[in-house]
Amino acid sequence: MTLTGYRILLISTPVGPLGSGLGGGVELFVTNAVQALTQRGHHITVLAPEGSVLPVAETLIPFAGSYQPTAHTSDRDSPVIMPEPSVLSAMWDYARQVQDAFDIILHYAYDWLPFYLAPFLRIPVAHYVTMGSLNDGMDHIIAHAAHTIPHSVGLCTRVQAATFPAADRYEIIGCSVDLERYEYCDTPGQDLVWLGRISPEKGLEDAIAAAQMSQMPLKILGKLENEAYWHDLQYRYPDAPIEYLGFFATQEMQAIVRNCRALLMTPKWVEAFGNVAIEALACGVPVIAYRRGGPTEIVQHGKTGWLVEPDSVGGLVEAIHRIDGIDRAACRAHVVANFSIATLGDRLEHWFQILLNSPEPKSPNSGLHSALS
Ligand code: UDP
């Protein structure tokens with residue numbers, strides 16, 4: 001098999017159409033993978049829920065059906081859920097039928113089914129996992145997949161890997177941004193910005209509290225995922241200098257973000273990566289983030305932003321006051337060097353090469369119920 005020209009069947013997230021914001025960061029993962037692999041001369045066919053849009057040219061096959069529930073809204077012991085008619089099962093049924101026209105399947109579902117199905121297919125499956133450990137059943141099947149088919153599971157960061165059993169079994173692939181879609185700005189206004197799904201695990205309340213304490217205006221952009229949570233925040237912080245602008249496509253979003261002084265990232269969970277960090281840095285916007293999860297592998301403390309003790313609003317305020325110590329050009333340069341589409345293409349291609357050259361699976365799914373070390 002040559003290094004270029006793989007025929008790749010990419011199966012998108014089943015939690016919603018690409019471009020809707022329902023998938024959060026995974027939508028950017030998919031878009032960038034399509035772009036990175038297309039640039040390398042690979043041939044990509046994308047299966048995705050109906051209504052999906054991709055800003056890059058490729059073959060997109062839409063599927064109707066009910067979306068999967070998002071994993072961050074389930075409990076550790078939640079069972080596997082398949083809402084019928086399931087868009088997830090429809091996409092994988094199609095994949096089974098057309099598999100012989102492809103060299104490899106790359107998928108982005110944080111769902112049990114694809115991990116279970118992979119050994120039944122004739123072509124290798126690369127599982128790209130974009131969230132940390134949230135559910136016992138998923139932990140088990142992810143670790144099992146990495147054990148039975150070595151190199152088949154890719155993650156975003158080492159800190160994300162550490163949340164799963166057998167942390168050393170995963171390939172670390174990361175994410176990227178298309179630098180041409182993010183304009184650099186050296187002359188920001190006074191506003192801070194917070195970006196992301198408005199949902200409790202994202203910890204927006206701490207960013208609002210920091211804006212209130214520092215009396216710095218905060219712009220909020222992103223999908224309003226949990227309305228009760230958002231209403232509660234408005235009730236708790238009636239006088240905070242905040243403005244919710246809505247959810248924007250990348251072009252409009254970066255036009256607002258680039259004029260801001262800093263991005264605040266205040267997650268309460270172990271963020272697997274944190275795409276918003278590299279998107280802000282690409283615009284030259286420093287990142288103030290809790291020292292927790294993916295941002296610790298993106299933000300260079302004192303150079304491209306400040307890493308703050310987790311859950312310390314006082315720490316955020318202190319970092320806000322020190323934001324002028326960060327050189328905005330260094331922020332963009334860090335993304336150019338480490339998070340470009342070309343670097344993602346290198347990592348994906350290397351991953352596929354290893355997987356396609358791997359020996360046969362160690363054991364079939366019959367071993368699934370045995371204890372995993
Ligand atoms: N985002 C967007 N429009 C907005 C706000 C956010 O498209 O108005 C996107 C942002 O570009 C990022 C994603 O939402 O790609 C959030 O991803 P992240 O990895 O930060 O968090 P996740 O949602 O995966 O937990």
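Side chains are part of it too, since the values below use all heavy atoms of this structure and drop only hydrogens, waters and symmetry mates. Order of appearance sets the numbers: ligands from 1, and atoms from 1 within every ligand.
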**Study point:** Ion pair Glu271/Lys202, N-O distance below 4.0 Å
**Key:** yes
Review point. Is there a side-chain contact (heavy atoms from CB on, under 4.5 Å) between Ser12 and Tyr108 once you walk through the steps?
Key: CA-CA 5 Å; Ser12 184; Tyr108 287 83; 5.7 Å; no
Review point. So does Asp346 pair up with Arg40, basic N to acidic O under 4.0 Å?
Key: yes
Check your understanding: Would you call the rings of His72 and Trp269 parallel, tilted or perpendicular, where under 30° means parallel and over 60° means perpendicular?
Key -> perpendicular
Review point. Arg197 to ligand 1: N or O pair under 3.5 Å?
Key: yes
Check your understanding: Counting from 1, what ligand 1 atoms have a heavy atom of Val276 closer than 4.0 Å?
Key -> 10 (C), 12 (C), 16 (C), 20 (O)
Practice item. Looking only at protein heavy atoms, identify the closest one to atom 14 (O) of ligand 1 and say how far it is in Å. Key: Gly24 C, 4.4 Å
Check your understanding: Looking only at protein heavy atoms, which one is nearest to atom 11 (O) of ligand 1, and how far off is it?
Key -> Glu279 OE1, 2.6 Å
Point to revise | Donor-acceptor pair between Asn338 and His334 side chains, under 3.5 angstrom | key: yes
Practice item. Would you mind running through ligand 1 and noting each atom that sits below 4.0 Å from a heavy atom of Gly222? Key: 4 (C), 5 (C), 8 (O)
Check your understanding: When you check the side-chain N and O atoms of Glu205 and Tyr237, is any donor under 3.5 Å from an acceptor?
Key -> no
**Study point:** Contact partition for Lys202 relative to ligand 1, non-hydrogen atoms under 4.0 Å
**Key:** side chain
Point to revise | Pair His42-Glu349, side-chain donor/acceptor within less than 3.5 Å | key: yes
Check your understanding: What part of Leu28, side chain, backbone, both or neither, has a heavy atom within less than 4.0 angstrom of ligand 1?
Key -> side chain
Check your understanding: Does even one non-hydrogen atom of Phe247 get within less than 4.0 Å of ligand 1?
Key -> yes
Point to revise | Residue Glu271 vicinity, atoms of ligand 1 by number, heavy atom under 4.0 Å | key: 21 (O), 25 (O)
Review point. Among protein heavy atoms, which lies nearest atom 1 (N) of ligand 1, and at what distance?
Key: Met253 SD, 3.7 Å
Exercise for review: Could you tell me whether His72 approaches ligand 1 through its side chain, its backbone, both or neither, with non-hydrogen atoms closer than 4.0 Å?
Suggested key: neither
Review point. Of the backbone atoms (N, CA, C, O) and the side-chain heavy atoms from C-beta on, which set of Trp194 has a member under 4.0 Å from an atom of ligand 1: side chain, backbone, both, or neither?
Key: neither
Review point. Side-chain donor-acceptor pair under 3.5 Å between Gln97 and Asp93, yes or no?
Key: yes
Review point. Starting from atom 18 (P) of ligand 1, which protein heavy atom do you reach first, and at what distance in Å?
Key: Asn275 N, 3.7 Å
Review point. Backbone or side chain, does any N or O of Lys223 fall under 3.5 Å from an N or O of ligand 1?
Key: no
Review point. Considering distance alone, does some N or O of Phe248 sit under 3.5 Å from an N or O of ligand 1?
Key: yes
**Study point:** Arg158, CZ: over 12 other non-hydrogen atoms inside 6.0 angstrom
**Key:** no
Check your understanding: Are Phe115 and His107 close enough that their ring centers fall under 6.0 Å?
Key -> yes
**Study point:** Heavy atom of the protein closest to atom 16 (C) of ligand 1 (residue, atom name, distance)
**Key:** Gly25 N, 3.6 Å
Practice item. Taking atom types as modelled, find out whether Arg76 and Ser133 have a side-chain donor-acceptor pair closer than 3.5 angstrom. Key: yes
Check your understanding: At a 4.0 Å threshold, what atoms of ligand 1 neighbour a non-hydrogen atom of Trp269?
Key -> 25 (O)
